[in-house]
Amino acid sequence: MRSWKEKEMTLDRESAIQVASVLSKALPYIQRFSGKTIVIKYGGNAMENEELKNSFARDVVLMKLVGINPIIVHGGGPQIGELLDKLSIPTRFVDGMRVTDSATMDVVEMVLGGLVNKDIVALINRNGGTALGLTGKDGNFIKARKLEIKDSMPEMRKSEIIDIGHVGEVEKIRKSVITMLTNSNVIPVIAPIGVDENGVSYNINADLVAGKVAEELDAEKLILLTNIAGLQDKGGNILTGLNGEQVEGLIEDGTIYGGMLPKIRCALDAVNNGVTSAHIIDGRVAHATLLEIFTDEGVGTLITNKP
Ligand SMILES: Nc1ncnc2c1ncn2[C@@H]1O[C@H](COP(=O)(O)OP(=O)(O)O)[C@@H](O)[C@H]1O
Ligand SMILES: CC(=O)N[C@@H](CCC(=O)OP(=O)(O)O)C(=O)O
């Protein structure tokens with residue numbers, strides 16, 4: 001007699017033929033990406049629903065099984081916001097970055113390093129993978145410094161002196177901490193918290209960490225999963241294949257603002273520093289990551305360093 005689990009896994013003939021056809025079509029992509037590193041930024045907005053979270057975890061496990069080296073960097077902005085709200089700690093964003101005082105930093109560490117990180121690790125493990133979670137403090141893996149205000153941050157440039165507090169940027173990634181895990185067939189799940197030489201913690205936008213990790217590991221792809229279909233123009237059309245100059249123009253005229261600013265900035269930096277392509281895709285779509293990797297059409301916004 002077959003167990004309920006075996007029955008659940010049994011497909012009727014028509015479905016089995018469909019599955020076989022899909023698997024066979026995926027073969028050239030599997031061959032192309034097998035052995036390559038793909039860094040996936042999993043945004044807090046894309047993890048609000050249990051079904052989506054589970055489909056994400058399954059995609060990651062499948063990638064690993066076909067020989068791709070997936071590295072996860074996660075966000076958790078909405079989840080941090082919820083706890084700050086419960087604790088009646090006010091919060092605000094400037095150019096997509098959360099102004100972070102000491103009390104906020106404690107909450108960021110609790111939510112990102114604790115709840116969100118372990119939730120993703122457990123999901124991947126429950127789906128048959130071996131994931132291990134870490135923040136930039138583990139093994140001194142993300143050396144950080146206070147964020148320097150740059151031209152691509154229009155609100156920060158405009159504001160009268162504001163102290164962004166513990167908002168950080170990546171100074172250095174210690175690659176060996178990650179390769180130690182990947183060499184043991186473990187999927188790293190990274191929370192975007194950095195530390196300086198004095199042990200001070202920094203809250204770093206997860207897109208920026210994902211971009212730097214992708215650069216440091218010479219990744220084939222950087223995939224940024226978010227809560228929108230891609231980079232859009234003012235009419236809501238998806239923009240793709242942009243170069244640095246065009247992006248600057250879109251920042252100047254206000255088409256790119258808020259949370260899209262760090263995303264687009266890190267995608268450009270990544271492709272200018274050796275990552276083959278960066279993709280901003282809709283994390284609200286089930287199996288978005290597999291759709292990006294295993295189809296020619298791809299989805300969302302593609303950024304390369306080609307003119
Ligand atoms: N040109 C643009 N195209 C698309 N989204 C944009 C654009 N400019 C600003 N945004 C905003 O950026 C948001 C994505 O950033 P964010 O909310 O920080 O996502 P995540 O949590 O995935 O990092 C979009 O939901 C949208 O509100
Ligand atoms: C400095 C800064 O803004 N840090 C982010 C870190 C989390 C993050 O990036 O989360 P999402 O990817 O879900 O937006 C924050 O505090 O919300």
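First listed ligand is number 1; within each ligand, the first listed atom is number 1. We count residues from 1, following the sequence as given.
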Student: Taking 4.0 angstrom as the limit, do D196 and K146 come out as a salt bridge?
Tutor: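 A salt bridge is absent here (no side-chain N lies under 4.0 Å from a carboxylate O).
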Student: May I ask whether G230 places a heavy atom under 4.0 Å from ligand 1?
Tutor: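 A heavy atom of G230 does come that close to ligand 1.
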Student: At less than 4.0 angstrom from any non-hydrogen atom of T226, what atoms of ligand 1 do you find?
Tutor: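 Taking each heavy atom of T226 in turn, ligand 1 has 14 (C), 19 (O), 20 (P), 22 (O) under 4.0 Å.
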Student: Using a strict cut-off of 4.0 Å, indicate which atoms of ligand 1 neighbour a heavy atom of L231.
Tutor: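 Reading through ligand 1 atom by atom, the close ones are 1 (N), 2 (C), 3 (N).
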Student: For R58, I'd like to know if atom CZ has over 12 heavy atoms of other residues, nucleotides or ligands within 6.0 Å.
Tutor: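 No, because the 6.0 Å sphere around CZ of R58 holds 12 heavy atoms or fewer from other groups.
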Student: Look at atom 21 (O) of ligand 1 and say which protein heavy atom is nearest, naming residue and atom and giving the distance to 0.1 Å.
Tutor: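 In this structure, atom 21 (O) of ligand 1 has N45 ND2, 3.0 Å as its nearest protein heavy atom.
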Student: Please produce the table of protein N or O atoms sitting under 3.5 Å from N or O atoms belonging to ligand 2, one pair a line, distance to 0.1 Å.
Tutor:
| unit_1 | atom_1 | unit_2 | atom_2 | d |
| --- | --- | --- | --- | --- |
| ligand 2 | 3 (O) | R98 | N | 2.8 |
| ligand 2 | 4 (N) | N203 | OD1 | 2.9 |
| ligand 2 | 4 (N) | N203 | ND2 | 3.4 |
| ligand 2 | 9 (O) | A206 | N | 3.0 |
| ligand 2 | 10 (O) | G76 | N | 3.0 |
| ligand 2 | 10 (O) | G77 | N | 3.1 |
| ligand 2 | 12 (O) | K41 | NZ | 2.5 |
| ligand 2 | 13 (O) | G44 | N | 2.7 |
| ligand 2 | 13 (O) | G76 | N | 3.0 |
| ligand 2 | 13 (O) | G77 | N | 3.0 |
| ligand 2 | 16 (O) | R98 | NE | 2.8 |
| ligand 2 | 16 (O) | N203 | ND2 | 2.9 |
| ligand 2 | 17 (O) | R98 | NE | 3.4 |
| ligand 2 | 17 (O) | R98 | NH2 | 3.1 |

Student: Looking at E216 and K172, is there a salt bridge between them, counting it only when a charged N and a carboxylate O are closer than 4.0 Å?
Tutor: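 So K172 does not pair with E216 through a salt bridge.
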Student: Under 3.5 Å, is there a donor-acceptor pair between the side chain of N243 and the main chain of E245?
Tutor: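 Between the backbone of E245 and the side chain of N243 there is a qualifying donor-acceptor contact (under 3.5 Å).
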Student: Tell me if a side-chain donor or acceptor on S201 pairs with a main-chain N or O of I193 at a distance below 3.5 Å.
Tutor: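 Checking the backbone N and O of I193 against the side chain of S201, no donor-acceptor pair under 3.5 Å is found.
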Student: Can you tell me the protein heavy atom closest to atom 1 (N) of ligand 1 and the distance?
Tutor: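 For atom 1 (N) of ligand 1, the nearest protein heavy atom comes out as T255 O, 2.7 Å.
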Student: Apply side-chain hydrogen bond (donor to acceptor under 3.5 Å, both in side chains) to the pair T104 and R98, showing each step before the final yes or no.
Tutor: CA-CA 9 Å; T104 305; R98 185 190 306 277; over 6 Å; no
Student: Tell me which protein heavy atom sits closest to atom 13 (C) of ligand 1, plus the residue, atom name and distance to 0.1 Å.
Tutor: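 Checked against all protein heavy atoms, atom 13 (C) of ligand 1 sits closest to N227 OD1, 3.9 Å.
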Student: Show your working on salt bridge (charged side-chain N to carboxylate O under 4.0 Å, His left out) between E109 and K137 and close with a plain yes or no.
Tutor: CA-CA 10 Å; E109 291 210 58; K137 284 185 161 174; 3.2 Å; yes
Student: How about Q246: does its CD atom have over 12 heavy atoms from other parts shown lying under 6.0 Å from it?
Tutor: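 Counting other residues, nucleotides and ligands, CD of Q246 exceeds 12 neighbours.
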Student: May I have the step-by-step check of side-chain hydrogen bond (donor to acceptor under 3.5 Å, both in side chains) for K41 and H74, ending in yes or no?
Tutor: CA-CA 5 Å; K41 189 276 177 147; H74 65 84; over 6 Å; no
Student: Of the protein's non-hydrogen atoms, which lies at the shortest distance from atom 3 (N) of ligand 1, and what is that distance?
Tutor: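 Heavy-atom neighbour on the protein nearest atom 3 (N) of ligand 1: Q232 N, 2.9 Å.
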Student: Of the listed options (M260, M97, K41), which comes nearest to atom 5 (N) of ligand 1 when hydrogens are ignored and any heavy atom counts?
Tutor: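 Nearest heavy atom to atom 5 (N) of ligand 1 lies in M260.
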Student: Take R265 and D207 through the salt bridge (charged side-chain N to carboxylate O under 4.0 Å, His left out) test and state the conclusion after the steps.
Tutor: CA-CA 9 Å; R265 192 152 64 88; D207 300 322; over 6 Å; no
Student: Return the residue, atom name and 0.1 Å-rounded distance of the protein heavy atom closest to atom 23 (O) of ligand 1.
Tutor: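 Result: K263 NZ, 2.6 Å.
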Student: Is it true that, when you exclude K118 itself, more than 12 heavy atoms of the residues, nucleotides or ligands shown sit nearer than 6.0 Å to its NZ?
Tutor: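 Enclosed.
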Student: To which protein heavy atom is atom 16 (P) of ligand 1 closest, and what is the distance rounded to 0.1 Å?
Tutor: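 Scanning the protein heavy atoms, the shortest distance from atom 16 (P) of ligand 1 goes to G259 CA, 4.0 Å.
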Student: Counting non-hydrogen protein atoms only, what is the nearest one to atom 26 (C) of ligand 1? Give residue, atom name and distance.
Tutor: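 Here the nearest protein heavy atom works out to I228 CD1, 4.1 Å.
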Student: Name the closest protein heavy atom to atom 9 (C) of ligand 1, giving the residue it belongs to and the distance to 0.1 Å.
Tutor: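 So the nearest neighbour among protein heavy atoms is Y257 O, 2.9 Å.
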Student: Quick check: are there more than 12 heavy atoms from other residues, nucleotides or ligands sitting under 6.0 Å from NZ of K86?
Tutor: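 Result for NZ/K86: open.
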